[in-house]
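So that the names make sense, note that chain A is the first sequence line, chain B the second, and so on, each numbered from 1. The figures that follow rest on heavy atoms only: side chains count, while hydrogens, waters and symmetry mates do not.
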Amino acid sequence: MIALDKDTFQQEVLEAEGFVLVDFWSDGCEPCKALLPDIEALAEAYGDKVKFTKLNTTGARRLAISQKVLGLPTITLYKDGVKVAEVTKEEANKSSIEKMITDNAL
Amino acid sequence: MENVYDVVIIGAGPAGLSAALYAGRAKMKALVLEGSKVGGQIAITSEVANYPGSIHDATGPTLTARMVEQADEFGAERVKDSAVSVDFTGNVKVITGEKGTYHGKSVIIATGATPRIIGCPGEVELTGKGVSYCATCDADFFQDLEVFVVGGGDTAVEEAIYLTKFARKVTIVHRRDELRAAKSIQEMAFNNPKIEFMWNSVITDIKGEGIVESAVFHNRVTGEDTEIFAHEDDGTFGIFVFVGYDPVSKVFKDCVDMDETGYIVTDPQMNTNVTGVFAAGDIRVKTLRQVITAAADGAIAAVEAEKYIVHSFKE
């Protein structure tokens, strides 16, 4: 997975062609850390169809809010730089993220 | 039947992990179904200051990590799975999860409780968009912004105090005219210059395009409705909801006795009405739902489960 920051987000996500998945997380978010292995497993399975990235929102708060992300964990799927699907909080689990990928990107 | 555990523990909060620790230490073959995450409620709690011995670095996550380590050390197995259905009718209990089926000579239900929602329009749609139930997860988005905290119990007031480290102003919105939180916590809140109070009030509507932009506050005494909008420069504000909990017991409906709100009824030894099935922690009918009472329940349940197995499964 590609670790993004506020300087690379524009290029890697908003200006990218095709599907990009962003895992919004932060240092203080325990549910995010618990979810990470599941997302890494999905990256193994779908990495050829979707570019998997993650953004630590600590230090990139304005960027996260600009993407209308104000809660963690949030997993967002972009296509050609436009948000097409998102799961957040309790909904952000392995099966719903996988469904978001298969419904939109396959 | 292969791979029958002595005890299958459903849930990995303080009750489940304490049961796992005691079961493991008693050389029972123990399995913990930990669901999507370990730690339960405290995994997202900013500070656990009332658990004996938990002083330095007393955050929920650090305490959880130590509990997990301890349970692992005594040999309890853990699996990331949630119970979908259960069959407690046989001598060996069957738990069907999303990933597998598990068999246990005894079962400890420690699924706990989950934060209750306000139940007003816009709340679900704007969760993660300004509405939050987890201060440690989301507080830093509200650096220098305004935040409303809904609730008046220990959790609401403690998390409000935590949020003052980030937010410009924190308003506690409470449906009564006095707090229910412990006096010492109340005092800290009253002395905090960043905390204000909106008494006798409830939120009845949350609005916004993609993020929270306004909310309607209803005063239960005057009957007045007031819509508060985010400051133009802010664009948004936070609404943190701590209005109590609901038991996670749907899977066990009609399998064990519950009260009318879904909490499981046990005797002081954590026995449910089904022999060999125990319940521990927040899921039980009890008066005090805290880490310490959950841990105590877990220990008792594990010890009673061991006694039960020795009696009922002589070979």
Side-chain angles (χ1 to χ4, degrees), chain A residues 5-6 9 21-42 45 54-78 82-100, chain B residues 12 34-46 59-65 68 80-82 98-99 114-115 117 124-145 147 162 165-166 208-213 230 234-240:
Chain A
D5 59 36
K6 61 186 178 205
F9 190 89
L21 180 139
V22 183
D23 171 13
F24 291 92
W25 68 285
S26 81
D27 298 333
C29 174
E30 292 304 315
C32 300
K33 290 173 195 167
L35 185 63
L36 184 62
D38 289 336
I39 297 177
E40 283 171 339
L42 292 171
K54 56 184 174 181
L55 177 73
N56 185 343
T57 59
T58 309
R61 187 175 67 89
R62 272 170 207 283
L63 170 60
I65 295 174
S66 77
Q67 298 303 306
K68 306 217 166 185
V69 172
L70 282 97
L72 301 177
T74 292
I75 316 299
T76 306
L77 186 66
Y78 293 82
V82 178
K83 192 188 276 194
V84 290
E86 187 169 83
V87 290
T88 188
K89 294 284 173 186
E90 293 297 303
E91 286 298 304
N93 56 53
K94 190 178 181 183
S95 56
S96 66
I97 297 166
E98 184 162 19
K99 186 170 184 302
M100 175 172 78
Chain B
E34 64 178 36
S36 56
K37 57 180 187 284
V38 295
Q41 304 283 347
I42 60 159
I44 60 167
T45 306
S46 55
T59 68
T62 54
L63 187 58
T64 299
V68 170
K80 261 190 198 295
D81 203 352
S82 307
E98 288 168 1
K99 295 170 186 168
T114 188
I117 65 171
V124 171
E125 295 79 356
L126 292 167
T127 294
K129 307 285 165 191
V131 178
S132 179
Y133 308 87
C134 176
T136 54
C137 300
D138 302 333
D140 63 357
F141 286 114
F142 299 94
Q143 187 81 42
D144 303 323
L145 296 177
V147 163
Y162 173 75
K165 294 179 193 168
F166 303 87
E209 286 293 319
I211 56 174
V212 171
E213 290 164 357
D234 296 343
T236 188
F237 56 75
I239 298 173
F240 284 77

Asker: Has B/Thr236 got a side-chain atom pairing as donor or acceptor with B/Val212's backbone, closer than 3.5 angstrom?
Answerer: yes
Asker: Using non-hydrogen atoms only, which part of B/Thr114 is less than 4.5 Å away from chain A: side chain, backbone, both, or neither?
Answerer: neither
Asker: So which of B/Gly130, B/Gly238, B/Ser132 has the largest heavy-atom pair count under 4.5 angstrom toward chain A?
Answerer: B/Gly130
Asker: Run B/Thr136 and A/Glu30 through side-chain contact (heavy atoms from CB on, under 4.5 Å) and show every step you take.
Answerer: CA-CA 8 Å; B/Thr136 54; A/Glu30 292 304 315; over 6 Å; no
Asker: Need one label for A/Ser95: side chain, backbone, both or neither, based on atoms under 4.5 Å from any heavy atom in chain B.
Answerer: neither
Asker: Please report the closest heavy-atom contact between A/Leu72 and A/Phe24, naming both atoms and the distance.
Answerer: CD2-O, 3.4 Å
Asker: Is chain A contacted by the side chain of B/Glu98, its backbone, both, or neither, given a heavy-atom distance below 4.5 Å?
Answerer: neither
Asker: Please check if the side chain of A/Asp23 supplies one atom and the backbone of A/Ile75 the other of a donor-acceptor pair under 3.5 Å.
Answerer: no
Asker: Is there a donor-acceptor pair closer than 3.5 Å between any side-chain N or O of A/Lys68 and the backbone N or O of B/Glu209?
Answerer: yes
Asker: Find the one option among A/Ser26, A/Ala34, A/Gly28 whose heavy-atom pairs under 4.5 Å with chain B are most numerous.
Answerer: A/Gly28
Asker: Less than 4.5 Å to any heavy atom of chain B: does that hold for the side chain of A/Glu90, its backbone, both, or neither?
Answerer: side chain
